Every structure is written in C-alpha cells, then in structure tokens.
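Read the structure below first, then the notes.
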Amino acid sequence: MKHTVLRRTAIAAVCACWPLAVLAEEIRDPMNVVVVSGTRAEHTSFDLPASVDVVDAAQIGDTQLRVNASEALVAVPGIVVRNRENYAQDLQISSRGFGTRSAFGVRGVRLVADGIPATMPDGQGQAATFNLDLAERIEVLRGPMSALYGNHSGGVVQLFTREPTDTPTVEASFTGGSYGQRKFDTNASGRSGGIGYLLDASRFETDGYRDHSAATRKQAYAKLVVEPSSTSRLVLTASGLRQDDTQDPLGVTWATYQRDPRAGEIDTTDTQTPQRTLADRYDTRKSIDHQQFGATYEQKFGADRLQVTAYGGNRRVIQYQSFSRGFQAPSSHSGGVIDFDRDFYGIDANWRAVRQVAGGTMRATAGLELARSKDARQGFENFVGDTFGVKGNLRRDEQNEVTSVDPYVQLEWERDRWVLSGGVRHSRVDFDVKDKFLSNGDDSGGADFRHTTPLVGVLYKVSPTLNVYASAARGFETPTMNESFYSGTGGGFNFALEPAIGTHLEAGVKAMVASGVRLNAAVFQVKTKDELVVDASSGGRTSYRNASATLRQGGELSVDAELGAGWNARLALSMLHAVYDEAFGAVPKGSRLPGLPKTSFYGEFGWKEAAGRYGAALETIANSKVYAEDTNSATPAPGYAIVNARVQASQQLGGWKLRQFARLNNLFDRDYVGSVIVGDTNRRYYEAAPGRNWILGVSAQYQFQ
C-alpha cells in the first residue's frame with residue numbers, strides 16, 4: 001500500500017506540473033545556477049536529474065554570524081541541521097533521514113570543501129572545519145545521485161570559497177550578540193605576480209546559552225590560485241581550526257528541561273555538593289586542533305580534462321566525558337578521557353572525456369579515490385583520587401587505521417530533450433586495530449567492507465521551462481570507527497557490525513512557473529536493510545548494532561521567487577515518513593526513526609532596495625515533533641515554529657564598502673528543544689535551543705585602486 005501511495009504521489013506531482021509546458025518559450029531562469037555536485041563537472045542545476053540546491057554567498061554571510069553551517073542550510077528542503085548549542089559536539093546534519101543518530105560530528109552525509117573531503121574515510125565528518133567567511137556557495141545534493149560519492153552518502157554538502165579578486169582588497173568585520181557571542185574576522189584578497197590569493201583569520205567566542213557551554217574557536221584559511229597556462233590551473237589551500245577547552249553542557253532529562261531549559265543535569269551521586277551538575281563536576285570539555293592542506297591541479301585538453309586532488313592533515317582531540325566513579329565498569333572500559341592524534345591523507349584523480357555518440361553528447365568520467373587515516377588513540381580515567389575532570393590512569397592505548405579505495409565511472413549522454421545519466425562505484429573500506437593495552441584483553445582485529453554502488457537517472461525536457469526526471473541507486477553505509485569502538489554498555493570493539501545497504505528511488509519536477517519563479521518538487525523512497533542503530537549510550541560513549549529493515553518515504557518542495565519591485569520569497573517544505581519496516585528487540589514494526597521530524601518548513605519573505613543598499617526580511621522555521629529513541633516511548637521533543645527578523649544596509653564611500661546588519665531570532669521567545677541525543681541510556685536526550693536572541697554585525701572593506 002505504501003509503495004502504491006508513493007507511485008501515485010509521483011504521478012500526481014508530474015501531472016500537476018504538466019500544464020507548465022505551455023508556458024512561453026521566452027521565459028528564462030535567472031536561478032538556473034551551475035553546479036558541480038553530481039557530475040563532478042559544471043552542469044546547470046535545472047538539467048540535472050537530481051535534487052540539488054545552492055545556497056549563495058548572500059544567504060551564507062550577509063546577516064549571519066558565519067559560525068555554523070546550520071545558519072545557511074536551514075532553508076534547504078530534505079536537510080535537517082541542528083545547532084546543539086554545544087560547540088564540543090558540532091552540528092547534527094541529516095539528509096532524508098540519514099545521519100540523525102550521530103552522537104557527535106556528522107555521519108551519513110559527505111562533507112567537502114573546495115574539493116577536499118571534510119569527511120574521513122570511515123564516514124565521520126566535521127562541519128566546524130567549513131570556513132563560512134569566504135564561502136561563495138554551498139551545494140547540497142540529495143537522493144540517488146549522492147551514492148556516487150561512496151560510503152556514507154545519504155547526501156553531499158559541498159562548500160566552495162570565492163575566487164581571489166583582480167584588485168587587492170582587505171576587509172574586517174565584527175559581530176556580537178546574546179549570550180556573550182562575539183566574532184572578529186579579517187580577510188584579504190587579490191592577485192600578484194600571476195598568483196591569486198585569499199587569506200582569512202577569525203576568532204569566535206561565546207559564553208553559551210546553556211550552562212557550561214562556553215567556547216572559543218579560532219580559524220584560519222589560505223587559498224592560492226596559479227594558472228601556468230591558458231588550459232591549466234593549480235589551487236592550493238590550507239586551513240586550521242583550534243578550540244581549547246570547549247565546554248560540553250551534555251543532554252538533560254525531560255524533567256530538567258521543563259524546570260529550566262538552560263540548566264544542566266544534576267549529579268545525584270555527588271553527596272558533597274548536592275546541586276552540582278554532571279558537566280560541572282566532571283568539567284566535561286573538548287579541545288580540538290585541526291590543520292589540513294590540499295592541492296588541486298586541472299589540465300584541459302580541448303573538451304577533455306584531467307583533474308588530480310591531493311590532501312593531508314592532522315587532527316588532535318582530547319575530550320573529558322562524564323560517568324560516575326562508582327560505576328562498576330568492566331575491565332574493557334576505556335575511561336572517561338579520550339585522547340587521539342590523527343593523521344589523514346588522500347588523493348582523487350579523474351579523467352573526463354567528451355565525445356559525440358549516437359547523435360548526442362557523451363560525457364564520461366573515470367577516477368580513483370584513495371583515503372587513509374591513522375589514529376594514535378588513548379583513554380584515561382577521568383579522576384585522580386577525589387578530584388574529577390582530570391586525566392587519571394591509562395585505560396586504553398591503540399593504533400587505529402582506516403583505508404578506503406574507490407574506483408568509479410560516471411556517464412552522461414544528452415540528445416535533444418533527453419539526458420541519461422549512469423555510473424558505478426566500488427567501495428572498499430578496511431578497519432585495522434592494534435591494541436597495545438593488553439591488561440584488559442587484546443582488542444586487536446579488523447573489518448573489511450566492500451560494495452558496488454550503481455546509479456541510473458533520466459531527465460526529459462518537456463519544454464524550456466519544465467523538466468521531469470527519475471533516478472535510482474544502491475547505497476552503502478559502513479559503521480564508522482567510532483561506532484565500532486564499543487559493544488553494549490562497556491564492551492570492547494564490535495567488529496561484527498555489518499554495513500547498511502539501501503535502495504534509493506526518486507522522481508521529480510523542475511519548472512519555471514513564471515519569469516523569476518522557480519519550483520522544484522521531488523518524491524523519494526529508500527529501503528534499507530541492516531540499519532545501524534544505537535544499542536546503548538551513556539556517559540559520552542555510544543555503542544551500535546544492526547537492526548531490521550527501515551523505510552523512508554517522503555516529498556520535498558521548494559519555491560524561489562523574485563516578485564518584482566525588490567520583493568522576494570522562498571519556501572522549502574519537507575515531508576518524511578521514516579519507520580522501522582520490521583520489528584527488532586523491543587522495537588515494534590512501524591516505530592518512527594528517532595531524531596527526525598515528519599514535517600519541516602522554512603519560509604522567507606523579504607525586500608531589498610534596487611541598488612542593494614538596504615533590505616529586510618522575515619523568516620519562519622517550523623518542525624514537527626521528534627522522537628528520541630527507537631521504541632518511541634520516551635517523551636518526544638515537541639514540534640515548534642519560530643519567527644526571525646533581519647535588516648541590513650550598505651554604503652559605498654570611495655574605495656570603502658561598509659555593511660551593517662541586525663538580526664532578532666525567535667521573535668516571540670518560544671521555548672523549544674533544538675536537538676536530541678538519540679538513544680541516551682540515562683534518558684538525557686534533550687538539548688534546548690535559545691529563546692529570543694539578537695545579533696548585530698558591521699564590516700568595512702577597502703579596495704585598492
């Protein structure tokens with residue numbers, strides 16, 4: 001019955017838009033931007049058989065702090081991005097229901113910045129490494145075509161920084177807001193001696209909305225562009241991120257959230273200080289030091305092209321977690337302090353050829369992607385004597401290595417009104433663990449995962465203003481190394497985890513319903529077996545297991561409109577039916593997948609003066625309720641709707657360009673849960689979002705003549 005409903009919905013969506021084919025031929029699409037996601041080559045988004053949205057530089061930076069990707073991605077259908085008000089654990093990002101179970105970092109969604117993966121070979125990514133100050137655009141790819149990016153590709157989020165300016169410019173900006181938020185950023189751009197350069201450095205600080213959530217983040221970015229010839233190009237990038245002693249407020253129970261959304265959970269085992277929170281007692285915190293570099297070389301041979309990308313970096317993390325000293329941990333327990341030092345590197349080389357085949361244009365890309373990460377990982381007790389939140393005795397010492405090898409081929413054939421796409425990627429992901437702490441047993445071992453991912457898609461151009469498409473793929477999702485670390489509540493490595501295999505289907509419509517008004521609509525279905533779910537989560541450690549089959553069905557609608565006289569509007573609506581399709585353990589068939597709203601909505605209505613000197617807008621964000629664990633028996637995070645308001649202005653004074661903005665978020669001061677920690681054993685699921693809060697920003701840019 002569900003499959004019949006999906007097919008009928010797809011047919012109805014196509015038929016409803018079919019009359020658009022009679023629109024006048026002269027209607028053009030000013031929003032038909034060029035993207036590279038999906039085909040790895042420049043392609044108009046309107047003619048791509050996939051759901052792909054572009055967030056431009058104005059949406060990313062004009063009226064935002066430019067600290068969290070959630071600021072910009074909230075307007076993209078099919079994507080749920082939650083700012084946890086916890087800079088120790090990064091954002092929660094999910095695409096069509098993939099990635100929501102991540103306890104920290106991003107998984108299930110592949111992150112890429114300027115062609116360099118921000119996702120490790122095991123599938124764990126860090127959105128905090130994105131530099132939003134220099135972002136030109138963010139492309140968000142969803143659906144079957146994202147499977148061609150390999151393991152953990154429920155979706156792909158790619159950030160592209162802007163190109164160096166022809167004449168030198170320098171810029172400084174300051175932004176401040178509620179809860180002690182303050183950010184200073186400075187950047188420079190230009191060309192000298194045939195080399196284009198782009199440099200940026202920023203410092204962000206916050207006292208935190210929630211108790212024990214203060215953070216300081218320092219970022220730096222450099223980009224050099226060299227063009228040795230008219231047919232070649234070399235881009236060098238380097239970036240760094242540092243966060244020292246970022247406080248972790250932890251999740252809270254429903255009772256604590258109702259009492260005070262900003263409060264932390266009381267440590268009931270603390271007899272000396274009865275009202276002290278877990279976060280305060282154990283001083284839960286994380287320090288991050290991340291550096292990476294990359295190089296991309298491109299050589300064109302007429303219409304053909306060779307592209308080689310290489311990168312490497314280091315990530316050092318030390319994290320202090322919370323668990324009671326009285327907890328009777330098994331001998332395999334690795335302690336409450338995580339300390340790891342990771343080196344990572346990789347290469348992606350591909351060749352694209354363009355030929356005339358069977359009266360149409362064939363574009364073929366063949367490539368090989370290699371990636372490796374090596375961790376020196378240790379664990380320590382988080383107490384010494386009666387002092388908590390300090391590094392104690394060694395409980396873990398090992399070397400972890402993950403290697404991925406992925407050859408791939410992509411084809412696209414276009415003739416008249418037809419665009420046919422296809423591809424195949426073979427992924428091999430190997431885990432290797434060498435345990436050097438043997439007093440609690442030897443956890444050495446490994447796991448190998450292999451899968452071939454096929455994709456096929458077709459797009460038909462009904463008219464210059466209406467395209468319809470369909471696509472299908474076979475997805476592949478291994479456990480990450482972090483998801484393999486524990487078995488149950490305290491056991492060692494879980495090498496028995498299997499990858500989740502999914503079948504992705506999508507049908508969609510892209511249309512220009514009037515001059516300056518674009519509509520995208522899609523319906524989709526994903527059936528997955530061996531879904532990875534939370535087994536137990538407590539004290540900062542989470543273990544996983546393979547569960548039954550799952551079913552995700554849904555629809556997405558987005559409308560972008562330039563209404564004339566400076567008025568504009570955007571609407572993004574997502575519907576998602578995500579359930580366990582078979583019972584397992586205590587989880588009955590039909591239970592909703594946790595962490596996912598059934599309905600998400602974003603609406604924006606704004607105005608900007610013709611010369612762009614000033615403007616204003618209202619935003620509405622709404623999400624339905626979210627379950628926190630698999631049985632759906634715990635109190636769900638209630639649905640909510642909030643309204644934001646923003647104004648902006650700019651002035652040109654000779655070589656100076658001045659900008660100002662003001663933003664008031666959660667205008668009506670609603671209390672709501674911003675995110676949930678899926679499956680927490682202690683039922684500390686809830687992380688509160690801020691009430692009414694403000695942001696003010698100013699910047700000054702000087703362009704040398």
Side-chain angles (χ1 to χ4, degrees), residues 83-89 103-104 178-181 205-216 244-287 318-329 333 335-338 380-392 489 536-542 628-629 634-638 666 669-693:
N83 180 356
R84 307 176 62 179
E85 299 302 319
N86 183 351
Y87 289 93
Q89 302 296 355
F104 54 89
S178 302
Y179 319 118
Q181 294 182 103
E205 297 176 281
T206 179
D207 298 335
Y209 166 70
R210 300 169 60 198
D211 289 350
H212 197 84
S213 62
T216 298
D244 293 327
D245 293 328
T246 303
Q247 293 181 337
D248 186 346
L250 307 176
V252 299
T253 62
W254 181 246
T256 298
Y257 168 77
Q258 288 185 305
R259 174 175 57 85
D260 182 356
R262 303 181 67 173
E265 194 68 28
I266 300 298
D267 184 359
T268 57
T269 67
D270 187 356
T271 57
Q272 295 181 342
T273 313
Q275 294 303 308
R276 185 160 51 168
T277 65
L278 282 163
D280 286 335
R281 188 184 190 194
Y282 290 96
D283 193 14
T284 49
R285 64 198 186 276
K286 180 189 284 188
S287 294
I318 182 167
Q319 180 180 7
Y320 291 79
Q321 301 175 318
S322 68
F323 66 88
S324 172
R325 184 184 176 187
F327 173 58
Q328 298 300 311
H333 203 285
V337 180
I338 297 171
F380 301 86
E381 293 176 345
N382 59 348
F383 59 87
V384 175
D386 293 327
T387 303
F388 297 85
V390 296
K391 186 183 291 187
T489 58
S537 180
S538 179
R541 74 185 65 253
T542 305
E629 44 74 49
T635 302
N666 195 355
D669 198 24
R670 305 296 190 193
D671 288 335
Y672 67 100
V673 175
S675 62
V676 296
I677 302 172
V678 172
D680 187 86
T681 303
N682 295 305
R683 305 179 74 83
R684 301 176 191 137
Y685 306 119
Y686 310 98
E687 298 177 299
R692 185 186 298 115
N693 62 95

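All heavy atoms count here, side chains included; hydrogens, waters and symmetry mates do not. What you see is a predicted model; the values in this text were computed from it and never measured.
Distance CZ/Arg262 to OG/Ser213: 8.0 Å, rounded to 0.5 Å. Annotation: the span from Asn382 atom CG to Gln319 atom CD amounts to 11.0 Å, rounded to 0.5 Å. Atom OG1 of Thr206 and atom CD of Glu85 lie 7.5 Å apart (nearest 0.5 Å). The CD1 atom of Ile338 sits 11.5 Å away from the CZ atom of Phe380 when rounded to the nearest 0.5 Å. In this structure, the separation between NE2 on His212 and CG on Asp280 is 6.0 Å, given to the nearest 0.5 Å. Here the CG-CZ distance, from Asp248 to Arg285, works out to 11.0 Å after rounding to the nearest 0.5 Å.
Here the closest heavy-atom approach between residue Tyr320 and residue Asp283 is recorded as CB-O, 4.0 Å. The two residues Thr284 and Ser322 make their nearest non-hydrogen contact at CG2-CB, 3.7 Å. Closest approach of Asp267 and Tyr282 over heavy atoms only: OD2-CE1, 3.8 Å. Of all the heavy atoms in Tyr179 and Gly691, the pair that sits closest is OH-N, 3.8 Å. Of all the heavy atoms in Asp671 and Tyr257, the pair that sits closest is C-OH, 3.6 Å. Listed here is the closest heavy atom pair of Ala688 and Pro261: CB-O, 3.1 Å.
Put simply, the side chain of Asn86 never gets that close to the backbone of Arg84: no donor and acceptor are under 3.5 Å apart. For the pair Asn666 (side chain) and Pro690 (backbone), a donor-acceptor distance under 3.5 Å is present.
The residue from Thr256, Asn682, Thr277 that alone fulfils the side-chain hydrogen bond (donor to acceptor under 3.5 Å, both in side chains) condition with Glu265 is Thr256. Paired with Arg684 under the rule side-chain contact (heavy atoms from CB on, under 4.5 Å), one option of Val252, Leu250, Leu278 passes, and it is Leu278.
For the pair Val337 and Ile318, the minimum side-chain heavy-atom distance is below 4.5 Å. Tyr685 is listed as a side-chain neighbour of Glu629, based on a closest heavy-atom distance under 4.5 Å.
Using modelled atom types and a 3.5 Å distance limit, the side chains of Asp270 and Gln272 yield no donor-acceptor pair. Checked by atom type, the side-chain pair Thr269/Arg281 shows a donor-acceptor distance below 3.5 Å.
Below 30°, between 30° and 60°, or above 60°: for Phe383 and Phe388 the angle between ring planes is between 30° and 60°, a tilted geometry.
Around atom CZ of Arg670, no more than 12 heavy atoms belonging to other residues, nucleotides or ligands sit under 6.0 Å away.
Contact check on Glu687 versus Arg210 returns a salt bridge, with a Lys/Arg side-chain nitrogen under 4.0 Å from an Asp/Glu carboxylate oxygen.
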